[in-house]
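All figures in this text were calculated on a predicted structure; none of them were measured in a lab. Numbering of ligands and ligand atoms starts at 1, following listing order.
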Amino acid sequence: MSTLAILGCLWGDEAKAKVVDYLGASADVVVRFQGGANAGHTIVVEGRKYVFHSVPAGILYPNCNCVIGSGVVVDPFRLRDEMRALQDSGINFEGRLFIDERASMVLPLHQELDQLQEKRLGEAKIGTTGRGIGPAYADRVSRRALRLIDLAHPEWQGMRLQALYEHHQIQLEDLEAKLADLQDVYEFLKPYLAQTDELLWDWYLQDKHILFEGAQGTLLDLVYGSYPYVTSSQTISGSISVGTGLPPRCINKIIGVYKAYGTRVGEGPFPTEIEGETGDLIRKQGNEYGATTGRPRRVGWFDAVAAVYTARLNGLDGMALTLLDVLGGIGELKICTGYWLEGKRVKGFLSHHLDLARVQPEYLTLPGWDVDISSCTSLVRLPKAAKDYLDAVQDLVGTQIELVSVGPDRKQTIVIK
Ligand code: GDP
Ligand code: IMO
Ligand code: MG
């Protein structure tokens with residue numbers, strides 16, 4: 001049996017979708033298990049760009065089944081838009097897209113609350129994607145949420161919707177119209193709703209190749225990330241079982257996706273952040289603007305302290321190192337090998353964001369390279385400096401690099417193992 005998890009191991013946007021797409025060529029099933037439409041997953045195939053928010057990236061392969069697991073929070077309206085856009089671009093997913101009926105819904109109210117909360121926080125805002133993710137997960141754990149299956153029970157749904165607005169002390173205007181919109185979207189989504197844990201279990205028993213597509217990244221994990229500057233779901237490998245209903249022993253292999261440098265969008269500590277010219281150059285070369293919100297991403301050096309932490313939390317079997325091409329022409333490159341706080345070298349990643357914001361990174365400096373590596377498809381064709389950079393990352397993280405990405409296209413990939 002072969003199942004493989006592909007997880008973001010930094011602050012999100014590590015090019016998970018590119019790796020899912022590359023390795024997904026042989027997958028029978030691709031599954032999302034957490035997060036929601038805060039994700040922006042980009043795939044480029046022969047010059048054509050696709051951005052996914054809730055639909056798994058495997059949908060581009062016509063024979064691949066795709067599952068949105070119960071751990072995802074689903075905005076039914078956004079999902080319908082995303083599905084219609086896919087249909088318009090000629091992608092047919094009839095009979096091969098399955099959405100867990102127990103997934104909680106993100107409603108327009110949650111988006112309103114998300115934006116309101118950010119405004120209230122002022123300077124201390126999280127810098128969320130504004131997609132209603134935090135409020136939706138909060139309602140879920142407080143047992144107030146509406147789930148997709150509630151759409152099949154109109155009376156109950158009406159009662160729950162009223163209770164939800166009352167709880168949040170937001171005036172519910174035109175309940176009937178809201179219920180009609182929900183019924184409308186239900187008619188569209190109904191053919192895709194299922195108990196996906198059962199489907200996954202059957203496929204697992206049939207030896208199907210199942211791929212789990214992580215969203216966000218471990219440093220944004222609700223518990224293990226830089227709280228409170230995190231997302232509201234758990235992004236680590238332990239979350240796969242909870243968000244799919246497949247027992248933990250069904251996860252055979254875990255690949256962590258790391259960018260060759262660091263990026264972060266939103267607020268919060270970023271120990272290796274680079275400001276000024278070099279940062280601007282990396283942002284420009286890497287086209288570092290959010291796929292969901294279009295915000296410029298903050299950039300930083302590769303942080304091996306954080307990388308070791310996330311490799312351990314996820315139990316990685318291997319790494320994929322992406323956007324290596326972006327580092328060409330930058331000059332000398334740095335990798336963070338340790339944190340110093342108040343004159344002492346600290347052990348590992350820190351639990352408090354205030355401490356993380358104060359650490360002084362210790363750096364290893366490596367020579368850069370000036371040639372364009374975006375058409376290199378084998379390790380031997382890389383310049384020595386790029387190979388040395390890969391070796392340094394691999395040694396410091398203590399995990400084998402199995403795949404290197406040197407450009408957004410499917411073809412711009414070097415397989416090492
Ligand atoms: P995800 O959320 O982890 O799937 O990543 P995003 O799609 O948000 O961001 C990754 C961005 O980098 C996308 O625009 C990709 O098309 C692009 N990309 C992926 N791999 C590479 C690469 O190796 N080199 C370059 N230059 N861009 C890449
Ligand atoms: P993918 O899957 C990068 C960040 C937001 C903010 C914090 C909380 O594309 O890697 P939220 O809207 O989740 O409440 O925002 O998390 N964030 C992401 N950053 N990539 C993502 O997804 C992200 N999803 C959320 O910018 O800092
Ligand atoms: Mg993204």
Side-chain angles (χ1 to χ4, degrees), residues 6-22 32 34-45 47-54 56-57 72-73 106 110-111 113-115 117-118 125-138 213-222 225-233 235 256-270 282 284-298 320-328 372-374 376 403-414:
I6 295 173
L7 307 175
C9 285
L10 297 171
W11 313 95
D13 300 330
E14 303 90 345
K16 297 173 287 292
K18 147 97 199 229
V19 177
V20 168
D21 178 65
Y22 187 80
R32 275 279 307 269
Q34 46 71 232
N38 46 351
H41 292 179
T42 316
I43 293 176
V44 180
V45 190
R48 182 149 184 203
K49 181 170 152 179
Y50 302 85
V51 182
F52 300 102
H53 299 287
S54 296
V72 174
V73 283
V106 183
H110 293 117
Q111 235 168 268
L113 287 166
D114 192 353
Q115 282 149 20
Q117 283 171 14
E118 285 283 273
K125 72 172 190 219
I126 309 292
T128 71
T129 59
R131 293 289 189 264
I133 303 300
Y137 272 116
E213 174 182 351
Q216 290 80 52
T218 303
L219 300 175
L220 289 171
D221 182 277
L222 176 63
S226 53
Y227 192 89
Y229 298 98
V230 290
T231 190
S232 294
S233 67
T235 59
V257 186
Y258 292 83
K259 220 174 246 193
Y261 48 97
T263 59
R264 171 161 207 170
V265 38
E267 308 302 319
F270 188 3
I282 296 177
K284 186 163 165 259
Q285 295 195 167
N287 190 24
E288 292 294 358
Y289 295 87
T292 296
T293 58
R295 290 178 290 178
R297 295 176 183 142
R298 298 155 67 192
L321 202 80
T322 59
L323 292 102
L324 185 66
D325 54 302
V326 174
L327 293 181
D372 176 11
I373 61 165
S374 64
C376 291
L403 188 145
V404 179
S405 177
V406 292
D409 199 272
R410 232 178 231 178
K411 291 189 214 121
Q412 294 170 296
T413 309
I414 302 174

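- E213 places no side-chain N or O within 3.5 Å of a backbone atom of K16 that could act as its donor or acceptor partner.
- Counting only distance, with no hydrogens or angles, the side chain of N38 and the backbone of G36 share a donor-acceptor pair below 3.5 Å.
- For the Mg ion (ligand 3), the nearest N, O or S atom contributed by D13 is named OD1.
- Of the protein's non-hydrogen atoms, V230 O, 3.3 Å is the one closest to atom 8 (C) of ligand 2.
- Taking a cut-off of under 4.0 Å to the non-hydrogen atoms of A39, the atoms of ligand 2 that pass are 1 (P), 2 (O), 9 (O), 22 (O).
- Residue G40: an N/O/S atom is found under 2.8 Å from the Mg ion (ligand 3).
- Short contacts between ligand 2 and R295, defined as distances under 4.0 Å to a heavy atom of the residue, involve ligand atoms 5 (C), 26 (O).
- In L323, the parts holding a heavy atom less than 4.0 Å from any atom of ligand 1 are both the side chain and the backbone.
- Ranking protein heavy atoms by distance to atom 15 (O) of ligand 2, first place goes to T128 CA, 3.3 Å.
- The shell of residues lying under 4.0 angstrom from ligand 1, judged by heavy atoms, includes G40.
- Atoms of ligand 2 lying under 4.0 Å from any heavy atom of G266, numbered from 1 in the order shown and given with element: 27 (O).
- With 3.5 Å as the limit, one finds no donor-acceptor pair spanning the side chains of T263 and D13.
- Using a 4.0 Å cut-off between heavy atoms, V257 makes no contact with ligand 1 at all.
- Distances between N or O atoms of G40 and those of ligand 2 include at least one value under 3.5 Å.
- Between the side chain of T293 and the main chain of G290, no donor-acceptor pair closer than 3.5 Å is present.
- No side-chain donor from either of Y22 and Q412 sits under 3.5 Å from a side-chain acceptor of the other.
- Every heavy atom of Y229 sits 4.0 Å or more from the atoms of ligand 2.
- Ranking protein heavy atoms by distance to atom 4 (C) of ligand 2, first place goes to L220 CD1, 3.9 Å.
- Proximity of R297 to ligand 1 is established by a heavy-atom distance of less than 4.0 Å.
- From the protein, the heavy atom lying nearest to atom 3 (C) of ligand 2 is D13 OD2, 3.3 Å.
- At a heavy-atom cutoff of 4.0 Å, ligand 2 is contacted by no atom of R264, backbone or side chain.
- Ion pairing of R131 with D114 is absent here, as no side-chain N (NZ or NE/NH1/NH2) approaches a carboxylate O to less than 4.0 Å.
- Every atom of ligand 2 with a heavy atom of A215 under 4.0 Å away is listed here by number and element: 2 (O).
- From the protein, the heavy atom lying nearest to atom 22 (O) of ligand 2 is Q216 NE2, 3.4 Å.
- Within the 4.0 Å heavy-atom cutoff, G8 does not count among the residues contacting ligand 1.
- Scanning all protein heavy atoms for the shortest distance to atom 6 (C) of ligand 2 gives G127 O, 3.2 Å.
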